[in-house]
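Quick note on labels: first sequence line is chain A, next is B, and so on, each numbered from 1.
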2 protein chains.
Amino acid sequence: MKASTATLDKARDEFVTQWGALGSAWGINRTMAQIHALLMTSPNPLSTDEVMEQLAASRGNAHTNLKELVNWGLVRIVTRKGERREYFEAEKDVWKMFVTISKERKRREIDPALGVLRSCADQTKGETSPAGKAFHTQMQELEEFVAFAGKVADVVAGMKHTSALQWAMRLLG
Amino acid sequence: MKASTATLDKARDEFVTQWGALGSAWGINRTMAQIHALLMTSPNPLSTDEVMEQLAASRGNAHTNLKELVNWGLVRIVTRKGERREYFEAEKDVWKMFVTISKERKRREIDPALGVLRSCADQTKGETSPAGKAFHTQMQELEEFVAFAGKVADVVAGMKHTSALQWAMRLLG
DNA sequence: CTCTTTTTTCAGTGAAAACTGAAAGCAATG
DNA sequence: CATTGCTTTCAGTTTTCACTGAAAAAAGAG
């Protein structure tokens, strides 16, 4: 691997580190966010060992988080012919990334929340006391809103890059 | 406090517990999410001691998270005249909640991310190697997207409940 | 100023999550 | 079927974060 300029290395390092920190603020573990940042800015796919080396992480840690990123659909495995080793490559198109994350968060967060709210609304359908009615209404309103958020996620997920941008321009222009 | 129906208590309990669990999946600590759920479904403002009792939490824990919710703008302090003690009351309007959360997450997550991306893009403005250019472009694209997300948050924050719903209907109808 | 009630802070503890490193598993190769 | 090269798993450890409880600070009340 040829030596890159010091500035580039420094910037990339900053990106990886800070992205990791930001990831923690979301509910994402630091290593996973760092690996993602690393792959997003890598000119070529990286092997587990290269990731381990660049982040000074253990094999187990690198492996688990790489596979988790693959599960999320943000990273894919590529193999070079005649080579046994797996390499990992991140989706670099920002809009595609966004769509993938939206889908996944919907599945993991919105759908379960809807379940809870439906169940709570359901259980209190028959309440007659003011408190009971208020609770029921509150659950319904939350359910309605969360369902709406889910629909937005679906619509977004169906958008192609170009149309999405046009839509955005109309919204904000 | 008068005895409520068992069904209502059960439903409310489920809501508080599950909301706490869901909160963890977001980057929100369990107690904070639970207190929020508790206050959202409470007919009247609650004191620190009442929160402590209902969630079996320590004073420090209850206190810290109540104040954190106040910081977020999701909960306000109310005082009864002639009483020294503070009571806490959650915003119950779902749309207002959403607007508050959007604003706050923008400030805490989008703005810092923008900072990182700008810095990284800036540092690599002058890169001439293919790798350097690719990195710079990647940072720019991310920055553009995150800035867009911020604008969306601003627009949403400015919407009134009614117009927001109309907008939503047009989007999904 | 002293007593009482409530809020706030914080050092110490505990639980949960992330991480390590080594062993086990698997697939290709001769 | 033994060997090599890589992947996967997991028991044990470290790190991080939430939480406790008690002490200190603040805010009335007399």
Task: Degree of bending in the helix from C:dC1-D:dG30 to C:dG30-D:dC1 once both end axes are built from five pairs, to 10° - done: 10°

Task: B:Arg59: partners by salt bridge (Lys or Arg N to Asp or Glu O under 4.0 Å), with sequence neighbours left out - done: B:Asp49

TODO: List in chain and number order the residues that pass salt bridge (Lys or Arg N to Asp or Glu O under 4.0 Å) with A:Lys67, two or more places apart in sequence or in another chain; answer none if no residue qualifies.
DONE: A:Glu86

TODO: For A:Tyr87, enumerate each residue passing the ring-ring contact (aromatic ring centres under 6.0 Å, His included) test, keeping only those at least two apart in sequence or located in another chain.
DONE: none

Restricting to side-chain contact (heavy atoms from CB on, under 4.5 Å), what partner residues turn up for [X], sequence neighbours left out?
X        : answer
B:Val75  : B:Leu39, B:Leu69, B:Val70, B:Phe88, B:Ala90
B:Ile110 : B:Lys106, B:Val146, B:Ala149
B:Asp93  : B:Glu91, B:Trp95, B:Lys96, B:His161

Task: Where at least one partner belongs to residues 124-142 of chain A, residue pairs that pass salt bridge (Lys or Arg N to Asp or Glu O under 4.0 Å), sequence neighbours excluded - done: A:Asp122-A:Lys125

Open item on the list: Please list, in numerical order, the residues of residues 19-40 of chain A that have a heavy atom closer than 4.0 Å to any atom of DNA chain D.
Closed with: none

TODO: Give me the first and last nucleotide of DNA chain C, going 5' to 3', that has any atom under 4.0 Å from a heavy atom of chain B.
DONE: C:dT4 to C:dT9

Side chains of residues 19-38 of chain A: which donor-acceptor pairs under 3.5 Å do they make with residues two or more places apart or in other chains?
from: A:Ser24; atom 1: OG; to: A:Gly20; atom 2: O; distance (Å): 3.2
from: A:Trp26; atom 1: NE1; to: B:Glu109; atom 2: OE1; distance (Å): 3.4
from: A:Asn29; atom 1: OD1; to: A:Thr31; atom 2: N; distance (Å): 3.0
from: A:Asn29; atom 1: OD1; to: A:Met32; atom 2: N; distance (Å): 2.9
from: A:Asn29; atom 1: ND2; to: A:Asn65; atom 2: OD1; distance (Å): 3.1
from: A:Thr31; atom 1: OG1; to: A:Asn61; atom 2: ND2; distance (Å): 3.3

What protein N or O atoms touch nucleotides 22-30 of chain D N or O atoms at under 3.5 angstrom, if any, and at what distances?
from: D:dA27; atom 1: N3; to: B:Arg84; atom 2: NH1; distance (Å): 3.0

